[in-house]
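Single-structure report; data block below.
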Amino acid sequence: MYKEFTSDVNRIVRFLAKRSIEQLSQENLKNICGRNQADAMLVFGNDLPYTAEFASEAFKNKAAKKIIFCGGIGHSTKRLQKAVGESERYPWTTEELEDLTEAEIYDRISRQIYGIDPENIYLDKESTNSGENAQNGLKILKEHKLEKQVLILIQDPLLQMRADASLRRYETKSQIISYAPFVPLLKEDGTYRTKIDGIWEKERMLSLIIGEISKLRDDKYGYGPNGKDFIVHVDIPEPVIKAFQRLKKEYPEEQKTGD
């Protein structure tokens, strides 16, 4: 039974944690888009400080020319403040961060921990959901007359597929390279294969993946064109739908989470 649970979770996670290329490197970028560096990296805010760390590392490795952190005050902000404030990796307390947006916290990590030049960072401090992240990020590109032929998108891996569908809803001309910062697969005993600082507890992870598949469905209840029309149509493989249905039946108490 537990093996089936792990298999179902991992099947959904592999689908949600979208990666357009195998590895985010200049060589792979050159192979997929003919250029070894994207015009900009859009980083959507969430409750994982690792997202900012990964994006900052990628930027230092010249994956993109500019970096845009998107995220205001939303339902993930308190968790992000707590995760950063309680971690030994960062020099700030939770109290010091309580008035900061997700974009501002990511900016601190990028500048003060990774030494990224502030001139290469732009902030959207207003967004409260994926659609606003996409629209406001694109607005920043336009305001600063930044090229957007090739864009890299980074988000919480469980939200990556929906973030990608949100961005494509508002941007049709750019080549969008979606890259989840990690893929949170489970071992057979239910623990994570990769240890990430601040990663979700089991209950929250289940809530997120059940909620995400519900939102990605293109029916009257979902976020697709045939529903709320927040995202472009997403093809969900039948094995993923079946895994989702089994988990939803097994864990009915897990409610949908996210914007």
Side-chain angles (χ1 to χ4, degrees), residues 19 21 23-30 33 35-73 76-77 79-127 133 136-141 143-157 159-160 163 176-183 194-199:
R19 284 181 165 179
I21 53 180
Q23 186 178 14
L24 193 57
S25 66
Q26 287 197 309
E27 181 180 358
N28 283 351
L29 287 171
K30 181 78 171 178
C33 64
R35 305 166 60 181
N36 61 10
Q37 191 175 37
D39 295 299
M41 183 186 301
L42 293 172
V43 185
F44 290 2
N46 56 70
D47 58 13
L48 296 175
Y50 181 77
T51 306
E53 293 193 13
F54 177 85
S56 299
E57 284 282 5
F59 186 83
K60 288 183 73 172
N61 290 329
K62 303 187 184 304
K65 298 174 184 176
K66 300 292 182 181
I67 188 166
I68 301 171
F69 292 121
C70 301
I73 301 291
S76 295
T77 312
R79 290 190 182 92
L80 177 62
Q81 292 166 346
K82 187 172 185 290
V84 173
E86 294 182 354
S87 173
E88 295 182 356
R89 297 170 64 84
Y90 311 110
W92 317 295
T93 65
T94 303
E95 290 71 26
E96 289 178 274
L97 304 171
E98 63 181 1
D99 294 325
L100 298 185
T101 64
E102 293 167 16
E104 288 171 322
I105 295 171
Y106 279 9
D107 177 53
R108 275 199 180 195
I109 292 173
S110 189
R111 288 186 296 105
Q112 297 186 35
I113 305 300
Y114 286 85
I116 305 298
D117 188 337
E119 290 190 2
N120 292 320
I121 302 174
Y122 299 91
L123 304 183
D124 151 39
K125 299 181 284 186
E126 306 298 327
S127 299
N133 284 336
N136 291 344
L138 292 169
K139 186 178 178 182
I140 287 172
L141 286 165
E143 286 176 348
H144 292 276
K145 296 180 172 57
L146 300 174
E147 289 291 338
K148 57 175 183 176
Q149 296 177 52
V150 180
L151 300 176
I152 295 171
L153 173 64
I154 296 174
Q155 169 62 301
D156 174 320
L159 310 182
Q160 183 77 37
I176 298 169
I177 297 170
S178 196
Y179 200 86
F182 66 103
V183 183
T194 305
K195 182 170 175 55
I196 298 293
D197 211 32
I199 201 167

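The environment of CD in Glu126 is sparse: at most 12 heavy-atom neighbours from other residues, nucleotides or ligands sit within 6.0 Å. A 6.0 Å sphere centred on CD of Glu27 holds no more than 12 heavy atoms belonging to other residues, nucleotides or ligands.
Between Asp39 and Gln149, the shortest heavy-atom distance links the atoms OD2-N, 2.9 Å. Closest non-hydrogen pair, Asp124 versus Cys70, comes out as OD2-CB, 3.4 Å. Here the shortest heavy-atom pairing between Ala38 and Val150 reads CB-O, 3.6 Å. Between Ala163 and Phe44, the closest heavy-atom pair is CB-CD2, 3.7 Å. Here the closest heavy-atom approach between residue Ile152 and residue Ala63 is recorded as CD1-O, 3.5 Å. A pairwise comparison of heavy atoms in Leu97 and Trp92 identifies CD2-CB, 4.0 Å as the closest pair.
Pairs passing the salt bridge (Lys or Arg N to Asp or Glu O under 4.0 Å) check and including a residue from residues 52-62, sequence neighbours excluded, read Glu53-Arg89. Residue pairs meeting the salt bridge (Lys or Arg N to Asp or Glu O under 4.0 Å) criterion with at least one member in residues 96-116, sequence neighbours excluded, are Glu104-Lys125, Asp107-Arg111.
Once rounded to the nearest 0.5 Å, the distance linking NZ of Lys82 with OG1 of Thr93 reads 13.5 Å. Rounding to the nearest 0.5 Å gives a distance of 6.5 Å between CG of Asp47 and CG of Asp156. Within the model, atoms CG of Asn120 and CE of Met41 stand 11.0 Å from one another, a figure rounded to the nearest 0.5 Å. Rounded to the nearest 0.5 Å, atoms OG (Ser76) and CG (Leu159) are 7.0 Å apart. To the nearest 0.5 angstrom, Ile68 atom CD1 is 13.0 Å from Lys139 atom NZ. Interatomic distance, NZ of Lys30 versus CG of Asn28, reported as 13.0 Å (0.5 Å rounding).
At distances below 3.5 Å, at least one donor-acceptor pair connects side-chain atoms of Asn46 with backbone N or O atoms of Leu48. The backbone N or O of Leu42 lies less than 3.5 Å from no partner atom in the side chain of Gln155, so there is not a single donor-acceptor pair.
Paired with Tyr106 under the rule side-chain contact (heavy atoms from CB on, under 4.5 Å), one option of Leu123, Ile67, Leu80, Leu100 passes, and it is Leu80.
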Test side-chain contact (heavy atoms from CB on, under 4.5 Å) on Phe59 and Ile121; report intermediate values, then the result.
CA-CA 10 Å; Phe59 186 83; Ile121 302 174; over 6 Å; no
Test side-chain contact (heavy atoms from CB on, under 4.5 Å) on Ile105 and Tyr90 and set out the steps.
CA-CA 11 Å; Ile105 295 171; Tyr90 311 110; over 6 Å; no
Decide side-chain contact (heavy atoms from CB on, under 4.5 Å) for Gln26 and Asn61; before the verdict, give the C-alpha distance in whole Å, the side-chain angles of both, and the deciding distance to 0.1 Å.
CA-CA 8 Å; Gln26 287 197 309; Asn61 290 329; over 6 Å; no
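Leu151 has its side chain within reach of Leu138: a pair of non-hydrogen atoms, C-beta onward, lies under 4.5 Å apart.
Residues that satisfy the side chain to side chain contact (heavy atoms under 4.5 Å, CB included) test with Arg19, not counting sequence neighbours, are Tyr179, Ala180, Val183.
Using bins of under 30°, 30° to 60° and over 60° for the plane-to-plane angle, the ring pair Phe54/Tyr50 lands in the tilted bin.
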